[in-house]
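The structure presented is a predicted model; accordingly, all values stated were derived computationally and were not measured. Chain naming here is simple, since letters A, B, ... match the order of the sequence lines and numbering starts at 1 in each.
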Amino acid sequence: MGETILKVKDLRVNFRAWAGTVQAVRGVNFELKKGETLAIVGESGSGKSVTTKAILGILPSNARITSGEILYDGKDLTKLKEKDFYSIRGKHISLVFQDPLSALNPIQKVGKQICEALRKNEHMTAAEAKKRAVALMEDVGIPEPETKFSQYPFQFSGGMRQRIVIAIALALNPKILICDEPTTALDVTIQSRILDKIKDLKEEHDLSVIFITHDLGVVATVADRVCVMYAGKIVEYGTVDDIFYEPAHPYTWALLSSMPDLDTREKLFSIPGAPPNMMYPPKGDAFAPRNRYAMEIDFEQEPPFFKVSDTHYAATWLLHPKAPKVELPEVLRHRIQRMKEEREGA
Amino acid sequence: MAKYILKRIAGIFIVLFVVMTAAFFMMRLMPGGILDGVEENLSADMRDLIYAKYDMDKPIWEQYLLFLKGIVTEWDWGVSLKLYVNVSVWDILAERIPITLYLGFLSLLISVPIGIAFGTLAALKKNGIVDHAVSFLVVLFISIPSFVMATGLQYFVAYKWGWFPLIYDDSLPRITTTFLPVLALSFTPIATITRYLRAELSESLNSDYMLLARTKGLTRVQATLRHALRNSLVPVVNVIVPAFISIMGGSLVVESIFGIPGLGGITVRSINVADYSVTLASLIYYTLISLAAILLVDISYGLIDPRIRMGGRKDA
């Protein structure tokens, strides 16, 4: 892993709503290293998509970045004007959407949609753009790209549409690819093929990838490092191994416990309660009310990041030297045991 | 496609037949008749003679069969009974249709671009002052019927300020003398198109494909023109035809207000004096033009929207 290519520092994003201000992102810090895949995991409403929209400057008009920096290539993206983003989007940072069904313009031929960026930004001729588009379509694994070039999105299956979206995202050779739940809308068999494709493309195109998902199975397949987000904050980050084998934050425990696997016999664990209303973020640790290991201080004061290892940090008071020793939940202990055995077996 | 169009044309003929039949019976079963107002000046013999000339001495179903026979065998739609006695109805209509179509198309020609401009403006500035102002006017113009507009314009612009002729004047250039009626007819379609496009466009501005267009490096203007606006104009085609039909409906009364010798004016007059054949013919004409317009839209919609054009041909 090389140098840092993108750095998000203390990012805060608020939404103006009818009833008040929603604090969607509350001080997020992370770094994306060149050539790595960073997964951001969290449930709906944890602020992961908002973070990526802030990076691309496509936040909705009622959202405002209240503080923080997004550093890319010596520039702070939060300070850029809309027109300065034109040279960043597509060319430096690209986005793959969650729902390929609605991401493509339904009444425009897919070829044209791929060519559009090439023609507008690279000023290619129609023939050059077509050649490049067909090559891209081949790259992302679309059979008979020449024929498919002049078809409409509704003539494609979900997986094929997502491939088109990926081809569009890669058209201008970006440095960073943000995948916002790219497989959520697809069925499972297609999911793994798209994930493999993204992995291959990452190598071929020398990409750094931010992968947004709520699916830990996906994380295990694609990610090098993981940030776990809850209620607009990152609560734990580390390498995939750190997060899967030595999770330190109770929220990560809960997430891992609620993921079914082939050996799940008992009733699947679910996290009690609901995420907090971000219009009134709770005092202290936002996860405390749903956390069976919560201590008094969790309701009073927000935990800082404690170092677990050089690569692994978690924001929970349980890691404070004075905190009582807490055992991992039993379900999780068994699961980690199984995962380790599988890994050794493999 | 050809089969589809043929099917639709057959449908049009069926509708025309039903409209014709219903109109034929309804008019004749209504109280009053062609001799209203002159009846007492005529002797009983005269009356019988006139009734016999137009087959009105026979039972109504026989009248209807004779009428149908006339159409089928000689394409004879009858003659005017009161307004222009004994002139063939189609001669009367043919003389009047051009000016009515002129009003209708001119009004549409004005409404479509203005409606698109206002609709786009309102959607782009959604919830701003411009949007609220436009939306207020839209509600106003949709609620005020064209004949009220026509009367208002006639009073203020023509009578008080004297900018335009009060009523239709053959000696003036057509554009001057029809300016006010065309304007009066245009308010509602402008408002309809504005409202529709505003809704469509603000939806597509918030769509994922619009976001994708922006993330792939298009400028906001490029993305708006090439994706959002283009896509939201497709469904607008759908309201243009109803707008045209409502212009036609509005011109019924507006023509009378401005004394324009068009189809609208004569239709209203023929109803008032029970000139059955003229009423029937203009009714047929209005029905035909409405159905043809709808057919035209359905066909063109398929041409514009590939999802409809290729519907069912998944592997095309």
Side-chain angles (χ1 to χ4, degrees), chain A residues 52-53 55-62 82-83 85-109 112-122 147 150-157 164-165 167-172 174 177-178 180 185, chain B residues 122-132 197-198 200-238 297 300-316:
Chain A
T52 58
K53 286 196 170 140
I55 295 172
L56 277 164
I58 48 168
L59 285 168
S61 55
N62 62 338
E82 170 70 15
K83 71 172 169 34
F85 262 113
Y86 297 151
S87 53
I88 302 260
R89 293 188 202 125
K91 213 164 182 164
H92 290 268
I93 310 176
S94 251
L95 181 64
V96 174
F97 284 83
Q98 174 168 354
D99 185 2
L101 304 175
S102 57
L104 292 169
N105 185 337
I107 59 168
Q108 223 171 67
K109 290 178 178 165
K112 198 176 164 201
Q113 296 190 51
I114 301 174
C115 288
E116 207 173 14
L118 296 167
R119 302 211 48 192
K120 294 285 149 188
N121 286 41
E122 311 271 277
T147 336
S150 43
Q151 292 192 353
Y152 290 93
F154 70 90
Q155 293 168 294
F156 287 73
S157 65
I164 297 286
V165 174
I168 291 173
L170 294 179
L172 299 181
L177 183 68
I178 301 176
D180 189 353
Chain B
L124 290 176
K125 305 277 174 199
K126 198 175 178 191
N127 294 330
I129 287 183
V130 180
D131 177 31
H132 288 312
L197 184 63
R198 176 187 177 272
E200 286 294 330
L201 186 56
S202 39
E203 199 184 309
S204 43
L205 280 174
N206 283 321
S207 68
D208 274 1
Y209 59 78
M210 183 65 188
L211 214 55
L212 179 79
R214 285 177 66 203
T215 60
K216 74 180 167 195
L218 298 187
T219 66
R220 200 191 283 269
V221 175
Q222 282 171 345
T224 306
L225 287 179
R226 299 170 64 93
H227 292 276
L229 190 61
R230 197 169 162 262
N231 284 26
S232 41
L233 284 179
V234 171
V236 167
V237 174
N238 254 354
V297 162
S300 64
Y301 208 70
L303 294 179
I304 303 167
D305 193 331
R307 285 169 297 183
I308 293 173
R309 182 181 353 134
M310 301 186 193
R313 279 200 291 147
K314 244 211 136 109
D315 53 354

If you measure from NZ on A:K83 to OG1 on B:T219, what distance do you get to the nearest 0.5 Å? 12.0 Å
At under 4.5 Å between heavy atoms, what parts of residues 204-217 of chain B are in contact with chain A? List them by residue number. B:D208, B:Y209, B:L211, B:L212, B:R214, B:T215, B:K216, B:G217
So, the part of A:N121 with a heavy atom under 4.5 Å from chain B: the answer is side chain
Contact class of A:K120 relative to chain B, heavy atoms under 4.5 angstrom: side chain
Separation between CZ of B:R220 and CZ of A:F85, rounded to the nearest 0.5 Å: 11.0 Å
If I measure from the heavy atoms of chain B, does A:F97 come under 4.5 Å with its side chain, its backbone, both, or neither? side chain
Out of A:V96, A:I168, A:I178, return the one with the most heavy atom pairs under 4.5 angstrom to chain B. A:I168
What residues of residues 225-233 of chain B sit under 4.5 Å from chain A when you count only heavy atoms? B:R226, B:H227, B:R230, B:N231
Is a side-chain N or O of A:Y152 found less than 3.5 angstrom from the main chain of B:D305, in a donor-acceptor match? no
Side chain from CB out, backbone as N, CA, C, O: work out which of these in A:Q98 comes under 4.5 Å of a heavy atom of chain B, or both, or neither. neither
Less than 4.5 Å to any heavy atom of chain B: does that hold for the side chain of A:I107, its backbone, both, or neither? both
Closest non-hydrogen atom pair, A:P106 against B:P306: O-CG, 4.4 Å
Can you confirm whether B:E203 is buried at CD, in the sense that more than 12 heavy atoms of other residues, nucleotides or ligands lie under 6.0 Å from that atom? no
With chain B as the partner, which of A:S102, A:P153, A:G90 has the greatest number of non-hydrogen pairs under 4.5 Å? A:S102
Tell me, side chain or backbone of A:L172 under 4.5 Å from chain B's heavy atoms, or both, or neither? side chain
Please state whether the side chain, the backbone, both or neither of A:K109 comes within less than 4.5 Å of a heavy atom of chain B. neither
